[in-house]
Amino acid sequence: MEIEDLIKACQRAVRVTPDGEPGVDTWTAIYTRLYGHAPAPTPTPDYTLLADGNHNDPWPPPADMCAFIHKATEGCFFRDPDGIDRRAEFKARGGKWGWYHFTSGEDPTNQANHFLDYIAQAGHQPDDLICLDFEESSRNGDSNMTAGGAAQWIKVVEAKLSCKVCVYGSDLLTGALQEDPDALAGQPLWPAWYHSAPPVLPAGRNWAIWQFTSNGTPYSDMDRYLGTEAQLRAAWPNLAS
């Protein structure tokens with residue numbers, strides 16, 4: 001048998017599609033051939049859905065959405081015009097609320113004070129989740145906040161609000177953890193991880209919330225909490241890290 005024919009026969013045996021990519025049942029077929037029986041079904045984790053967004057997103061959320069994290073500020077130059085009214089409406093119906101600050105390359109203490117001014121205007125409510133959106137600046141030519149800058153922002157905000165800041169991010173977050181496994185120690189982490197499987201963070205760090213898509217429904221940015229709605233409500237706003 002020619003080697004090409006052998007490869008094709010093996011592909012057919014484990015149900016690989018003609019282009020060589022695994023089919024839906026490929027891994028089940030491989031497991032069954034190795035062990036003589038199909039793998040036991042994997043239990044579906046008990047996730048609670050929530051969303052995050054800003055004034056550009058539709059409102060109000062569906063009645064069954066129990067938590068929403070809304071943009072408050074960005075850098076030293078932007079304040080969300082709708083967040084304060086939306087919080088009052090959402091919390092009036094029993095929802096859990098959070099605020100996030102989108103970072104820029106500006107001085108982190110100035111950014112923290114800009115955020116705190118917004119929170120003062122809104123009226124700080126201790127049961128609101130406070131988050132740092134630690135990602136690349138949205139402005140062309142701007143630098144990004146560093147891990148040290150993120151730590152400084154957190155220090156200023158936590159001292160003022162007596163809260164625990166949750167840190168959202170993708171490449172900047174994972175890069176900071178790869179460079180220093182103890183970076184952002186003690187902070188609940190909220191990774192953007194657009195995969196079907198749960199996030200895997202550097203140094204075995206745990207996650208508190210998982211943004212699993214940026215193309216979701218009813219909001220583009222949809223998130224998961226590993227637990228029931230009752231558990232999410234009990235953990236909010238001091239999510240476990």
Side-chain angles (χ1 to χ4, degrees), residues 50 52 54 67-81 83-84 86-88 90-91 95-139 142-170 172-177 179-192 201-203 205-209 211 223 225 232-241:
L50 59 151
D52 62 276
N54 58 46
F68 198 95
I69 306 173
H70 202 284
K71 187 173 186 176
T73 51
E74 181 172 352
C76 295
F77 58 87
F78 176 80
R79 297 170 182 251
D80 192 286
I84 296 174
R86 287 180 171 186
R87 179 183 66 170
F90 191 72
K91 294 186 77 171
K96 291 295 186 180
W97 189 259
W99 293 115
Y100 71 84
H101 171 79
F102 193 109
T103 59
S104 74
E106 297 163 290
D107 181 84
T109 298
N110 291 343
Q111 290 188 61
N113 288 329
H114 180 65
F115 174 78
L116 290 170
D117 285 345
Y118 184 95
I119 297 301
Q121 178 189 353
H124 176 51
Q125 297 179 6
D127 63 332
D128 287 347
L129 179 67
I130 303 297
C131 305
L132 179 65
D133 187 345
F134 180 41
E135 59 180 312
E136 290 79 1
S137 174
S138 67
R139 298 193 298 179
D142 193 8
S143 58
N144 298 322
M145 180 178 276
T146 65
Q152 176 64 16
W153 190 97
I154 291 167
K155 179 180 177 181
V156 173
V157 170
E158 288 190 343
K160 180 67 174 180
L161 300 182
S162 299
C163 68
K164 178 65 68 175
V165 169
C166 180
V167 182
Y168 168 91
S170 53
L172 289 187
L173 175 59
T174 55
L177 298 181
E179 185 173 341
D180 177 6
D182 295 324
L184 306 170
Q187 309 303 144
L189 301 180
W190 174 17
L201 294 176
R205 295 286 292 275
N206 295 325
W207 56 273
I209 305 174
Q211 187 186 89
D223 309 278
Y225 173 80
L232 173 61
R233 288 180 175 277
W236 200 274
N238 298 310
L239 301 169
S241 58

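Values in this document were obtained by computation on a predicted structure and should not be read as measured data.
Between the side chain of Glu74 and the main chain of Phe102, no donor-acceptor pair closer than 3.5 Å is present. Looking at Asp142, its side chain does come within 3.5 Å of a backbone N or O of Gly105 through a donor-acceptor pair. Under the 3.5 Å distance criterion, the side-chain polar atoms of Arg86 are matched with a main-chain donor or acceptor of Asn54. At least one donor-acceptor pair closer than 3.5 Å links the side chain of Arg87 to the backbone N or O of Ala122. Remark: side-chain polar atoms of Arg233 are not paired, donor with acceptor, to backbone N or O of Lys96 under 3.5 angstrom.
Taking SG of Cys166 as the reference point, atom CD1 of Ile69 lies at 6.5 Å (rounded to 0.5 Å). Note that OG of Ser170 is 8.5 Å distant from CG of Asp133, once rounded to the nearest 0.5 Å. Note that CG of Leu129 is 4.5 Å distant from CH2 of Trp236, once rounded to the nearest 0.5 Å. Summarising the geometry, atom CG belonging to Leu132 is positioned 12.0 Å from atom OH belonging to Tyr168; distances are rounded to the nearest 0.5 Å. Rounded to the nearest 0.5 Å, atoms CG (Asp52) and OH (Tyr100) are 6.0 Å apart. Separation of atoms CG (Leu232) and CG (Leu239) is listed at 7.0 Å; rounding is to 0.5 Å.
Taking both residues in full, the closest heavy atoms of Leu201 and Pro191 are given as CD2-CB, 3.9 Å, listed atom of the first, atom of the second, then distance. When every heavy atom of Trp97 is checked against every heavy atom of Gly83, the shortest pair comes out as CZ2-O, 3.7 Å. Residues Ala183 and Ala176 share a closest heavy-atom pair of CB-O, 3.7 Å. Of all heavy-atom pairs between Asn144 and Ser137, the closest is OD1-N, 2.8 Å. Residue Leu161 comes nearest to His124 through the heavy atom pair O-NE2, 3.6 Å, listed as atom of the first residue, atom of the second, then distance. Nearest heavy atom pair, residue Glu158 against residue Val165, reads OE2-N, 2.9 Å.
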Problem set entry | Verdict with supporting geometry, Arg79 and Asp117, side-chain contact (heavy atoms from CB on, under 4.5 Å) | CA-CA 10 Å; Arg79 297 170 182 251; Asp117 285 345; 3.4 Å; yes

Problem set entry | side-chain contact (heavy atoms from CB on, under 4.5 Å) between His70 and Phe90, worked out | CA-CA 11 Å; His70 202 284; Phe90 191 72; over 6 Å; no

For this session: Check step by step if salt bridge (Lys or Arg N to Asp or Glu O under 4.0 Å) holds for Lys91 and Asp128.
Result: CA-CA 10 Å; Lys91 294 186 77 171; Asp128 287 347; 2.8 Å; yes

Problem set entry | Working for side-chain hydrogen bond (donor to acceptor under 3.5 Å, both in side chains), residues Trp190 and Asp223 | CA-CA 9 Å; Trp190 174 17; Asp223 309 278; 3.0 Å; yes

Exercise. Hey, mind stepping through Gln111 and Gln152 against side-chain hydrogen bond (donor to acceptor under 3.5 Å, both in side chains) and telling me if it holds?
Worked result: CA-CA 10 Å; Gln111 290 188 61; Gln152 176 64 16; over 6 Å; no

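Considering only heavy atoms from C-beta on, Phe77 comes within 4.5 Å of Glu106 through its side chain. For the pair Leu173 and Leu184, the minimum side-chain heavy-atom distance is below 4.5 Å. In this structure, Leu189 and Leu177 have side chains that are in contact, with non-hydrogen atoms separated by less than 4.5 Å. Gln121 has its side chain within reach of Ile84: a pair of non-hydrogen atoms, C-beta onward, lies under 4.5 Å apart. Ile119 has its side chain out of reach of Thr73: every pair of non-hydrogen atoms, C-beta onward, lies at least 4.5 Å apart.
Here the two rings, on Tyr118 and Trp99, have centers that are under 6.0 Å apart.
Using the six-membered ring where Trp is involved, Phe115 and His101 have ring planes that are perpendicular, over 60° apart on the 30 and 60° scheme.
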